[in-house]
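Scroll down for the structure; my scribbles are underneath it.
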Amino acid sequence: MRIGYPCINRSIGCTPSRTFRLPSYSDERLRETVKANLACLMKILSYNVAHGILFFRITSDMVPFASHPVCTFPWQKHFADEFRTIGEFLRFHRFRISMHPDQFVLLNAPDAGILDRSIGDLIYQVQILDLLGLDNSAKIQIHVGGVYGDKTSSMERFIKNYERLDDSIKGRLVIENDERLYTISDCLVIHERTRIPVLFDVFHHAINNNGEQTVDLLAPLNNTWKRDDGIPMVDYSSQQPKKRAGSHAECIDLKDFRTFLQSTVPFDIDIMLEIKDKEKSALAALTLVHDDPRLVTGNPGDT
DNA sequence: CCCTGTCAAGTCACG
DNA sequence: CGTGACTTGACAGGG
C-alpha cells in the first residue's frame, strides 16, 4: 500500500503547473516553463521520498498546450533526458504514478472534434509516462463522460470509442466513478465489455451510488485490475464540513479515514488523498498507518 | 505591489 | 439563462 496526493505540494515553494496565456505562446516560453515544471516535479518527488510518500499524481499541466495546435515544438525530444532522469528516480524508489486528464477529455462525446481533442490529450499524457519509462501500472484515470440525454447509448459510445484507441492508450487508461452521472456499477458494466480497470473514488461513491456497500465492492473492483495494471488505485477525500455535499475538505478527517482503512483490509490498494492541503494530509495519514499497522495490508510503500 | 477577472477545451446541476 | 464545480490555480493587466 502507498499513500499519495495529487499534482502540487504546498510547502515546497514551487509549482509544477506553471503556465502562460495562449496569446503569449512561443517556443521559448514553452521551453522555459516546462524546464521549470520539470525541476519542480523533481523537487516534489525528492520531498516525497524523504517523507515516505510513494504515490503521486503528475499534473497534466506539465507541458502547457501540449495537445493544442499552437504547440509544434518537439518537447518530447528536447526534454527526453530530463524525463529519463526523473523516470529512473521513480523506478528506483518504486513510486506509483497516476495522471488525471481534466474535464475536457470526453471519450464518449458525440462531437467528433471533442473526441479528437480528447484523444490528443490522452496521447500527450501517455507520452509523459512513456518518456518516464514507466510500465502500465502508471495509470491515466478518466471519467466515463457526459450523459447527453441518453445514458445507455452514451455508455455504448464510450465502449465503441475505447475499443478503437491505440494499445498504448488502452494499456494505461482506467475509469473512475464520478459524483453525478456514472456510478461504480456503471463502470463495472463498462468493464465487463472492455476489461478496463475501475478506479474506486470513495467520496464520489458516497454521493452517487446505487446502494452498493463499499465492503461489497472491494473484491469485484480488485478483480478489474490485472497483474500488469498494478494493485488497485483508490481516490479518497473528506467532506468539507458545512459545505455542499461533494466539496473537498481542507484537511483530512482522520477518524473517517481510519474507518475506511479498516473496511479495506485485506485488500492491498494505493490511496490517492484528494485533500486541499495536499502533502500535509498525506503525512498525517501515513502517521496514522505507522501507528497502527493493522489498518493496512503490507507495509506503506511496500508493494 | 496587490487585487482580481480571466484563462484552451465540456457538461450538467443549481439558483 | 448565467454560474459554479470538476483531480489541480496561476497569469497578467490594472489600480
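Given the structure is predicted, the values throughout are model-derived calculations rather than measurements. We name chains A, B, ... by the order of the sequence lines, and we start the count at 1 in each one.
The disulfide (SG to SG under 2.5 Å) analysis of residues 22-96 of chain A, with sequence neighbours excluded, yields the pairs A/Cys14-A/Cys40. Applying the ring-ring contact (aromatic ring centres under 6.0 Å, His included) test to pairs two or more places apart or on separate chains, none has a residue in residues 148-190 of chain A. Sequence neighbours left out, not one pair with a member in residues 100-117 of chain A passes salt bridge (Lys or Arg N to Asp or Glu O under 4.0 Å).
With respect to A/Asp150 and A/Arg157, no salt bridge is recorded, no charged nitrogen being found less than 4.0 Å from a carboxylate O. We find that A/Lys139 and A/Asp229 are joined by a salt bridge, their nearest charged nitrogen and carboxylate oxygen being less than 4.0 Å apart. A/Lys255 and A/Asp253 are not joined by a salt bridge, as no carboxylate oxygen comes within less than 4.0 angstrom of a charged side-chain nitrogen.
Side-chain nitrogen and oxygen atoms of A/His100 include none within less than 4.0 Å of the OP1 or OP2 phosphate oxygen of C/dC6. Phosphate proximity of C/dA10 to A/Thr15: present, with a side-chain N or O under 4.0 Å from OP1 or OP2.
Rounded to whole Å, the C1' atom of B/dG5 lies 14 Å from the corresponding atom of C/dT3. If you take atom P in B/dC3 and the same atom in C/dT8, they sit 24 Å apart, rounded to whole Å. C/dG2 and B/dT6 have their P atoms separated by 15 Å, given to the nearest Å. Taking atom C1' on both B/dC1 and C/dT7, the two are 32 Å apart, rounded to the nearest angstrom.
Ring centroid separation for the pair A/Phe56 and A/Phe95 does not come in under the 6.0 Å cut-off.
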Test log, rule side-chain hydrogen bond (donor to acceptor under 3.5 Å, both in side chains), inputs A/Asp186 and A/Thr183: CA-CA 5 Å; A/Asp186 296 327; A/Thr183 63; 3.2 Å; yes
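With rounding to whole Å, A/Arg10 atom CZ is found 9 Å from C/dT8 atom P.
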Between protein and nucleotides 12-15 of chain C, what N or O pairs are separated by less than 3.5 Å?
residue : atom : partner : partner atom : Å
C/dA12  : OP1  : A/Arg21 : N            : 3.3
C/dA12  : OP1  : A/Ser24 : OG           : 3.1
C/dA12  : OP2  : A/Arg29 : NH2          : 2.8

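In DNA chain C, runs of at least 3 consecutive Watson-Crick or G-U pairs, each pair with both distances below 3.5 Å, span B:1-7 with C:9-15, B:10-15 with C:1-6.
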What string of B, S and - do you get for nucleotides 9-14 of chain B, 5' to 3', when a contact is any protein heavy atom under 4.0 Å? BBBB--
